[in-house]
Chemist: 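Pasting a structure below so you can have a look.
We number each residue from 1, following the sequence as shown. What you see is a predicted model, and the numbers here were worked out from it, not measured in a lab.
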Amino acid sequence: MADEISKEIVDKIYEAIEVAKSTGKIKKGTNEVTKAIEKGTAKIVTYAKDVNPPEITMHIPLLCEEKGISCAPVPSKEELGAAAGIGVSTVSVAITEEGEATKLVKEINEKLKK
């Protein structure tokens, strides 16, 4: 999985989370995201890189790789929380039902696999 991703993809991830939040389903926070990965319901997973301590999220990319789920780091937990619409920061988000973000999620998945 890519460690560094372009701002273009980061922006698309935030957009996909916002759309999926209102038309599909998302899981927020390390516990919910980890469960979604383990159950195989996560379509795409993202986690913040500015988490302290990093051990909180360091298992997420490994689990995603094991399950074949796209996983992308984003720079800020505050922006991730804002995209998820919760008003506070969150360290990870998983889209479990894309809703109207299906096309966006597909596009992000294709770009992450390159």
Chemist: Are any of the side-chain heavy atoms of Lys12 and Glu107 separated by less than 4.5 Å?
Modeler: yes

Chemist: Flag yes if more than 12 heavy atoms outside Lys77 fall under 6.0 Å of its NZ atom; otherwise flag no.
Modeler: yes

Chemist: Would you check if Ile108 and Ser70 make a side-chain contact, meaning some heavy-atom pair closer than 4.5 Å?
Modeler: no

Chemist: Counting C-beta onward and ignoring hydrogens, is there a side-chain heavy-atom pair between Thr34 and His59 closer than 4.5 Å?
Modeler: yes

Chemist: Inspect the surroundings of CD in Glu100 and state if more than 12 heavy atoms from other residues, nucleotides or ligands are less than 6.0 Å away.
Modeler: no

Chemist: Show the nearest heavy-atom pair for residues Lys43 and Thr96, with the distance to one decimal.
Modeler: CE-O, 3.4 Å

Chemist: Treat each ILVMFWY residue as a node, draw an edge where side-chain heavy atoms are under 4.5 Å apart, and state whether Ile5 and Val93 are in one component.
Modeler: yes

Chemist: By salt bridge (charged side-chain N to carboxylate O under 4.0 Å, His left out), which residues pair with Lys113, not counting sequence neighbours?
Modeler: none

Chemist: At their closest point, which heavy atom of Ala101 faces which heavy atom of Thr23, and how far apart are they?
Modeler: N-OG1, 4.4 Å

Chemist: Please list, chain by chain and in numerical order, all residues satisfying side-chain contact (heavy atoms from CB on, under 4.5 Å) with Glu66, sequence neighbours excluded.
Modeler: none

Chemist: So, for Thr90 and Gly29, which heavy atoms are closest and what is the spacing to 0.1 Å?
Modeler: OG1-N, 3.3 Å

Chemist: Only counting residues at least two apart or in another chain, list the ones meeting salt bridge (charged side-chain N to carboxylate O under 4.0 Å, His left out) with Lys111.
Modeler: Glu8

Chemist: Any side-chain heavy atom of Tyr14 sitting closer than 4.5 Å to one from Leu80?
Modeler: yes

